[in-house]
There are 2 protein chains.
Amino acid sequence: MTDLAPHELRILVAVGKERGFSAAAGALGMTQSAVSHSVRASERKLGAVLFDRGRAGATPTAAGERALAHARRVLRLLEVMGAEVRGVADGTGGTLAGPLRIAAFRSAALHLLPGVLERLAARHPEILPEVRIVREVGRGTAGEVMDGRADLGIATIGTTSPVPPQLVGGVLVEEGYALVHPAGHSSPRSLPLVDWTENCTSYTRAWWAEQDWLPSATVEAEDDGAVLSMVSSGFGMAVMPELSLIGAPPSVQITDLGPERPTRSVGYVTTPELARSLAVRALIRELRAAVR
Amino acid sequence: MTDLAPHELRILVAVGKERGFSAAAGALGMTQSAVSHSVRASERKLGAVLFDRGRAGATPTAAGERALAHARRVLRLLEVMGAEVRGVADGTGGTLAGPLRIAAFRSAALHLLPGVLERLAARHPEILPEVRIVREVGRGTAGEVMDGRADLGIATIGTTSPVPPQLVGGVLVEEGYALVHPAGHSSPRSLPLVDWTENCTSYTRAWWAEQDWLPSATVEAEDDGAVLSMVSSGFGMAVMPELSLIGAPPSVQITDLGPERPTRSVGYVTTPELARSLAVRALIRELRAAVR
DNA sequence: CCCGATCCATGAATCCTCCTCATACACCCA
DNA sequence: TGGGTGTATGAGGAGGATTCATGGATCGGG
């Protein structure tokens with residue numbers, strides 16, 4: 001038997017990543033001795049020294065670099081193998097390869113998805129995500145999924161816009177609204193309130209109506225990006241969800257609205273069939289991990 | 001630990017090949033009991049039944065087919081890993097020393113590969129190419145690569161047969177179709193049209209249908225070689241890709257079909273993992289050089 | 001210059017995985 | 001209904017993997 005077993009491959013990869021036997025052992029939850037034994041066995045099987053051991057740990061030799069590259073590929077292939085075989089058996093289609101169409105509202109597409117898709121690509125390079133920005137008005141992103149134009153939608157979920165009965169979905173995160181106004185403005189509350197069509201659920205609107213300090217004069221903008229740029233140029237103030245405020249310029253000031261502030265739930269919707277597909281499940285897993 | 005070990009993969013492949021536990025055990029020099037235990041363990045790890053057991057032995061389920069394809073690929077990758085690591089360590093250059101399995105359709109195997117493999121052998125004598133001729137119907141050569149039975153496939157690539165998403169590939173050359181008929185025939189267009197199953201993409205068929213000068217009566221032959229020999233013996237005429245016409249005897253006459261002639265793309269497909277291996281890269285380099 | 005810290009190496013003991021042996025079970029056919 | 005084909009399964013043993021305990025090498029600092 002000259003082939004390396006998966007656990008041996010994993011140890012090689014860990015040593016390459018942690019740049020040392022002890023560190024790799026720690027990362028894998030095993031003993032330095034086990035790593036040493038295993039690497040030595042792998043080297044014997046392959047007939048080549050894979051790591052230069054030194055004071056500062058272990059660094060791959062040229063042969064070791066090639067071995068690491070192969071080890072990573074083999075491990076990934078084994079991972080995909082498990083996923084596909086299970087998928088075929090489940091009748092979920094079997095492959096996680098191919099395009100994965102995501103409909104998202106603007107702030108999610110800009111501030112939530114990039115990191116998620118990056119990690120998804122790292123773990124499942126065979127998935128090719130396509131993001132389409134859909135205004136969250138009317139049927140919104142859920143409509144895109146219902147109409148078969150998207151596999152998964154990032155949507156606001158609440159009592160006024162629940163998950164449609166023919167779809168499945170879940171809440172990812174509940175985020176609060178915050179007041180945003182020009183930084184350093186002397187009396188920000190005298191500024192007009194800037195708003196945009198997609199903003200706010202009816203629950204939020206009710207909260208809104210109760211706040212007597214809010215000016216009634218409002219200006220309607222195109223989308224949250226336009227609102228934010230109007231605020232940052234001193235034109236007005238706005239009540240926006242936190243997701244829209246990620247990466248806001250220093251020229252705006254964000255004020256928490258306190259414990260009674262309105263919130264909204266951001267979640268996902270998909271079809272029951274697609275919910276079992278490996279690609280959609282992988283994406284949901286990454287979404288869940290991202291909002292934690 | 002949910003990943004399958006190499007010995008488990010080998011057992012799966014053997015069972016798939018020998019179509020039975022007992023036969024696989026015999027081929028592997030082990031007990032039927034060991035095979036049974038191992039397959040059961042693999043099924044438990046993957047969470048799917050891989051073989052239907054019956055009177056006549058074992059046949060793979062759908063999940064089993066996928067598992068087998070992956071198993072072959074993983075084992076192949078481990079093989080390449082060993083060879084390359086040893087090669088790097090020896091300072092012999094680091095390319096895979098050993099067999100490189102190529103699946104090609106007939107005309108490519110006969111007219112494109114010989115020169116390519118000659119140059120490959122000159123540059124990398126340690127690579128031992130094995131060519132298997134596969135009819136380009138159904139999943140064709142790409143299927144051989146997907147199932148782990150070949151490292152690289154020479155395939156026709158087009159809208160009707162794109163590179164499968166889980167594979168990687170590229171176009172090598174776009175070649176035209178030409179009319180071929182017996183040399184010196186007085187009215188070649190009155191001859192029947194000879195064809196063979198692998199011939200022509202749907203795009204080509206569409207062009208074909210538009211040509212009112214083409215006779216509708218057709219004769220079906222086994223392969224392009226048979227077609228060419230029928231044409232050369234005066235039996236009929238044919239529309240064939242240029243690759244099939246290399247080395248055609250002087251008894252046939254080749255007529256260019258003009259600028260509107262149909263074309264097909266000939267390319268290669270391989271797995272993402274093998275695409276990085278030195279042997280496959282060397283072969284692709286030679287293929288690219290050859291068609292220039 | 002030695003002390004301590006921080007690496008990796010190694011031998012023995014333990015635990016667990018995998019294989020074999022022996023046997024049971026299911027099915028088909030003469 | 002017995003013999004021949006196949007697979008399933010439990011018990012036991014051999015070998016591999018991990019741990020424990022320890023040794024050896026190398027470097028930086030007092």
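Every chain is numbered from 1, with letters handed out A, B, ... down the list of sequences. Worth saying up front: this structure is predicted, and the values here are computed from it rather than measured.
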Option passing side chain to side chain donor-acceptor pair (under 3.5 Å) with B:Asp147 (candidates B:Arg72, B:Arg139, B:Arg66):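 It is B:Arg139, the one option of B:Arg72, B:Arg139, B:Arg66 that forms the side chain to side chain donor-acceptor pair (under 3.5 Å) with B:Asp147.
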
Protein-to-nucleotide contact annotation, 5' to 3' order, nucleotides 18-23 of chain D [B base; S sugar-phosphate only; - none; under 4.0 Å, heavy atom]: BBBB--

Sorted by number, the residues of residues 68-77 of chain B with heavy-atom contact under 4.0 Å to DNA chain C: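 When residues 68-77 of chain B is checked for heavy atoms under 4.0 Å from DNA chain C, there are no hits whatsoever.
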
Residues in contact with DNA chain C, drawn from residues 14-23 of chain B - heavy-atom cutoff 4.0 Å: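 Output list: empty, so none.
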
N/O (side chain, B:Arg53) to phosphate O (OP1/OP2, D:dA8) under 4.0 Å: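 Indeed, a polar side-chain atom of B:Arg53 lies that close.
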
Phosphate contact (D:dA8 OP1 or OP2) by B:Ser36 side-chain N/O below 4.0 Å: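 True: B:Ser36 side-chain N/O within range (under 4.0 Å) of D:dA8 OP1/OP2.
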
Counting N and O atoms only, with roles assigned by atom type, does the side chain of [X] sit under 3.5 Å from a partner on the main chain of [Y], one being a donor and the other an acceptor?
{"X": "A:Ser22", "Y": "A:Gln32", "answer": "no"}
{"X": "A:Ser36", "Y": "A:Ser33", "answer": "no"}
{"X": "B:Thr271", "Y": "B:Leu274", "answer": "yes"}

Non-hydrogen atoms of B:Ile157 and B:Gly267 that approach each other most closely: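 Smallest interatomic distance, heavy atoms only, reads CD1-CA, 3.7 Å.
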
Heavy-atom pair of closest approach, residues B:Glu84 and B:Ala279: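 Residues B:Glu84 and B:Ala279, closest heavy atoms: OE2-N, 4.0 Å.
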
May I have the distance from [X] (atom [atom1]) to [N] (atom [atom2]), rounded to whole angstrom?
{"X": "B:Glu43", "N": "D:dA8", "atom1": "CD", "atom2": "C1'", "value": "12 Å"}
{"X": "B:Asp52", "N": "C:dC27", "atom1": "CG", "atom2": "P", "value": "15 Å"}
{"X": "B:Lys45", "N": "C:dC18", "atom1": "NZ", "atom2": "C1'", "value": "10 Å"}
{"X": "B:Phe51", "N": "D:dT7", "atom1": "CZ", "atom2": "P", "value": "11 Å"}
{"X": "B:Arg40", "N": "C:dT17", "atom1": "CZ", "atom2": "P", "value": "17 Å"}
{"X": "A:Arg44", "N": "C:dA9", "atom1": "CZ", "atom2": "P", "value": "13 Å"}

Partner of A:Glu286 by side chain to side chain contact (heavy atoms under 4.5 Å, CB included), out of A:Arg123, A:Glu118, A:His124: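 Of the listed options, the one satisfying the test is A:Arg123.
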
CD (A:Glu174) with more than 12 external heavy atoms under 6.0 Å: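 Yes.
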
Qualifying residue, where the test is salt bridge (Lys or Arg N to Asp or Glu O under 4.0 Å) with B:Asp151 and the options are B:Arg132, B:Arg76, B:Arg281, B:Arg73: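 Result for salt bridge (Lys or Arg N to Asp or Glu O under 4.0 Å) with B:Asp151: B:Arg76.
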
Lys/Arg-Asp/Glu bridge criterion (N-O < 4.0 Å) met for A:Glu43, A:Arg53: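 The answer is yes: the pair qualifies as a salt bridge.
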
Lys/Arg N to Asp/Glu carboxylate O, A:Asp3 vs A:Lys45, below 4.0 Å: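 Salt bridge between A:Asp3 and A:Lys45, a charged N being under 4.0 Å from a carboxylate O: no.
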
